[in-house]
Amino acid sequence: MPSMLRASAAILAIAMAAGCATTTTPDEALTRKADGTVPWLDEPIDSVYPSPRTPTVAPDSKPCTAAQLRGSLDRWSTASGDTVLGGRLLGELVVRNTSTVDCVLTGPADVHLFSNGTEVLVDHTSSVTDEAKRKKVPVPRGGRASMRVDWSGPFCGTAKPPYELRLNLPNEGGELRATITPKDHPACSGDSESPTKPSSSLSAGIFDTFVEQDPMTTERSPLWDLTAAAEGPQQAHPGDRITYTVTLTNPTAKPVTLLPCPGYLQELSAEANGMVNSSTARLYRLNCHPADAVPARSTLRFEMRTTIPEQAKGIVRIAWRIQTPQNLPSEHLVGLVTIPLT
């Protein structure tokens, strides 16, 4: 699970990032507010892990083609606190350059879900930014790239495993077929929609450099003993810039250091009638400048800011999760805010 969370965080931060304007100056971020709250700092990051060696390819490398790549999705994980009908599966599609020639992946691929040679009827959603679409991902011979793929329920179709992803690669790279090893699918949850209407959605990001699991993930994080809780506004409008707070609690008799400052993954999902209509996610660095430890048997309150997508409808749920290179339980240090939209 740590490797999946790690990969998901890295891919989400780049592939599905929503733009954030800087609203707190560095000077303001260095001082706690009058009520003791640590101010928000707009510091998006790509990963909490040491930067991997950037793969290099020949300067004249051409766009990757389906004939050069082999792909597979070997594991699904589930999103903590999800209330989507039927649940949501989070996966990482990994492609390997099996040819003897370097290549480059640039831009989004058109991704479709198949079962036994027939396309599975699902909605297709995406929150890929224009900046992400321009990202060039070098894939040297023998090298790998990855893509975040989410499958949200309710799935009331009759398509059976084995499932397969078919990608129309960017730059006329052709169709790549990628196997899905697990047989899982979102549940139907008693949904009564017509079988001719999509009842689940597939969301695919853009390609990014594949990151190997770091041995540090087997170590116990110093933040293990902390707990988290989140609070937000009673309501909001689509397009609103909102502020919410996350409180870290230390129940132990010793201070818990926050250094080096951990990251946090902020996932925002809007739902109406049990269906996801908008989702964004981004990884940030926690602001540890004004406070670098949670005192013994005490709490520390952090200000958070985000923007509700214009297209959001129904209810917005913000899942906030600490990210460290060291191991934390998958359900640990998670805060959840639910905000009705008006």
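For reference, positions follow the sequence shown, starting with 1.
In this structure, E231 places its CD atom where only 12 or fewer heavy-atom neighbours from other residues, nucleotides or ligands lie under 6.0 Å away. In this structure, R141 places its CZ atom where only 12 or fewer heavy-atom neighbours from other residues, nucleotides or ligands lie under 6.0 Å away.
A291 and R32 get closest at one heavy-atom pair: CB-NH1, 4.0 Å. Of all heavy-atom pairs spanning G107 and P170, the tightest one is O-CG, 3.6 Å. In terms of heavy-atom proximity, P186 sits nearest to G153 at CB-CA, 3.5 Å. Scanning both residues, P140 and D102, for their nearest heavy atoms gives CA-OD1, 3.4 Å. Among all heavy-atom pairs drawn from T37 and E303, the shortest one is CG2-N, 3.7 Å. Looking at every heavy atom in both residues, L85 comes nearest to N273 through CD1-O, 4.0 Å.
Comment: R301 engages D35 in a salt bridge, judged by a side-chain N to carboxylate O separation of less than 4.0 angstrom. Ionic pairing of D208 and R144 is not present here: no N-O contact between side-chain nitrogen and carboxylate oxygen is shorter than 4.0 angstrom. Comment: E267 engages R321 in a salt bridge, judged by a side-chain N to carboxylate O separation of less than 4.0 angstrom. A salt bridge links D150 with R148; the closest basic N to acidic carboxylate O contact falls under 4.0 Å.
No side-chain heavy atom of L93 sits under 4.5 Å from any side-chain heavy atom of V111. Side-chain contact check for C188 versus F155: every heavy-atom pair is 4.5 Å or farther apart. Side chains of P138 and P55 form a contact here, defined as non-hydrogen atoms less than 4.5 Å apart. In this structure, K183 and K160 have side chains that are not in contact, with every pair of non-hydrogen atoms separated by 4.5 Å or more. Residues P44 and L283 fail the side-chain proximity criterion, which asks for heavy atoms closer than 4.5 Å. Residues V104 and P63 form no side-chain contact, since every pair of their non-hydrogen atoms from C-beta on lies 4.5 Å or further apart. With a 4.5 Å cut-off on side-chain heavy atoms, P262 and C288 count as touching. Between L165 and L113, some side-chain heavy-atom pair lies under the 4.5 Å cut-off.
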Q) Which is it for F210 and E92 under the side-chain contact (heavy atoms from CB on, under 4.5 Å) test, yes or no, and what are the steps along the way? A) CA-CA 10 Å; F210 178 79; E92 181 186 23; 3.7 Å; yes
Q: May I have the step-by-step check of side chain to side chain donor-acceptor pair (under 3.5 Å) for S115 and E164, ending in yes or no?
A: CA-CA 6 Å; S115 167; E164 178 185 60; over 6 Å; no
Q: Dump the intermediate steps for salt bridge (Lys or Arg N to Asp or Glu O under 4.0 Å) on R220 and D225, then the final yes or no.
A: CA-CA 10 Å; R220 187 179 189 269; D225 295 318; 3.6 Å; yes
Q: Under the side-chain contact (heavy atoms from CB on, under 4.5 Å) rule, what do T106 and R134 come out as? Steps first, then yes or no, please.
A: CA-CA 6 Å; T106 306; R134 294 190 295 269; 5.7 Å; no
Q: For V256 and L226, run side-chain contact (heavy atoms from CB on, under 4.5 Å): C-alpha distance rounded to whole Å, both residues' side-chain angles, the deciding distance at 0.1 Å, then the answer.
A: CA-CA 8 Å; V256 173; L226 298 179; 3.9 Å; yes
Q. Should L333 and L248 be marked as a side-chain contact (heavy atoms from CB on, under 4.5 Å) after you check the CA-CA gap, both sets of side-chain angles, and the distance that decides it?
A. CA-CA 8 Å; L333 283 172; L248 299 183; 4.1 Å; yes
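Checking each of F114, W76, W151 against Y163 for a ring pair (Phe, Tyr, Trp, His ring centres under 6.0 Å) leaves exactly one that passes, namely W151. Each of L268, I242, V337 was checked for a side-chain contact (heavy atoms from CB on, under 4.5 Å) with V316, and the lone residue meeting it is L268. Of the residues listed (D110, V95, T65, L69), the one engaging L169 in a side-chain contact (heavy atoms from CB on, under 4.5 Å) is L69, and it is the only one. Of the residues V38, I318, N287, L286, the one that meets the side-chain contact (heavy atoms from CB on, under 4.5 Å) test with M304 is L286.
Under the 4.5 Å side-chain heavy-atom criterion for ILVMFWY residues, a single connected hydrophobic cluster contains both I339 and V246. A continuous path of ILVMFWY side-chain contacts below 4.5 Å connects L265 to V48, so both sit in one hydrophobic cluster. Linking ILVMFWY residues whenever their side-chain heavy atoms come closer than 4.5 Å, directly or via other members, places L223 and F302 in the same cluster. Linking ILVMFWY residues whenever their side-chain heavy atoms come closer than 4.5 Å, directly or via other members, leaves L105 and V57 in distinct clusters.
Of the possible polar contacts, none joining the D240 side chain to the I308 backbone as a donor-acceptor pair under 3.5 Å is found. Using modelled atom types, no side-chain atom of T31 and backbone atom of E28 make a donor-acceptor pair closer than 3.5 Å. At least one donor-acceptor pair closer than 3.5 Å links the side chain of N250 to the backbone N or O of T252. Here the side chain of T179 pairs no donor or acceptor atom with the backbone of T181 at under 3.5 angstrom. R305 places no side-chain N or O within 3.5 Å of a backbone atom of Y244 that could act as its donor or acceptor partner. Although no hydrogens or angles enter the test, the distance criterion places a donor-acceptor pair under 3.5 Å between the side chain of N97 and the main chain of V139. In terms of modelled atom types and a separation under 3.5 Å, the side chain of N277 and the main chain of K313 share a donor-acceptor contact. The main-chain N or O of V101 is found under 3.5 Å from a side-chain atom of Q68 such that the two form a donor-acceptor pair.
Between the CG atom of L73 and the CE atom of M147 there is a distance of 11.0 Å, given to the nearest 0.5 Å. Remark: S200 OG to H185 NE2 distance equals 10.0 Å, nearest 0.5 Å. Between I315 atom CD1 and L341 atom CG the span is 8.0 Å, to the nearest 0.5 Å. Of the inter-residue distances, the one linking Q326 atom CD with W224 atom CH2 reads 11.5 Å to the nearest 0.5 angstrom. Going from atom OG of S201 over to atom NE2 of H124 covers 9.5 Å, rounded to the nearest 0.5 Å. Rounding to the nearest 0.5 angstrom, the gap separating the OG atom in S269 from the CZ atom in R88 is 5.0 Å.
For R241 and W40, the positive end sits near the middle of the six-membered ring, less than 6.0 Å away and at most 45° from its axis.
Aromatic rings from Y264 and W320 are positioned such that their centres are separated by under 6.0 Å.
Side-chain contact, Q323 with Y284: no donor N or O sits under 3.5 Å from an acceptor N or O.
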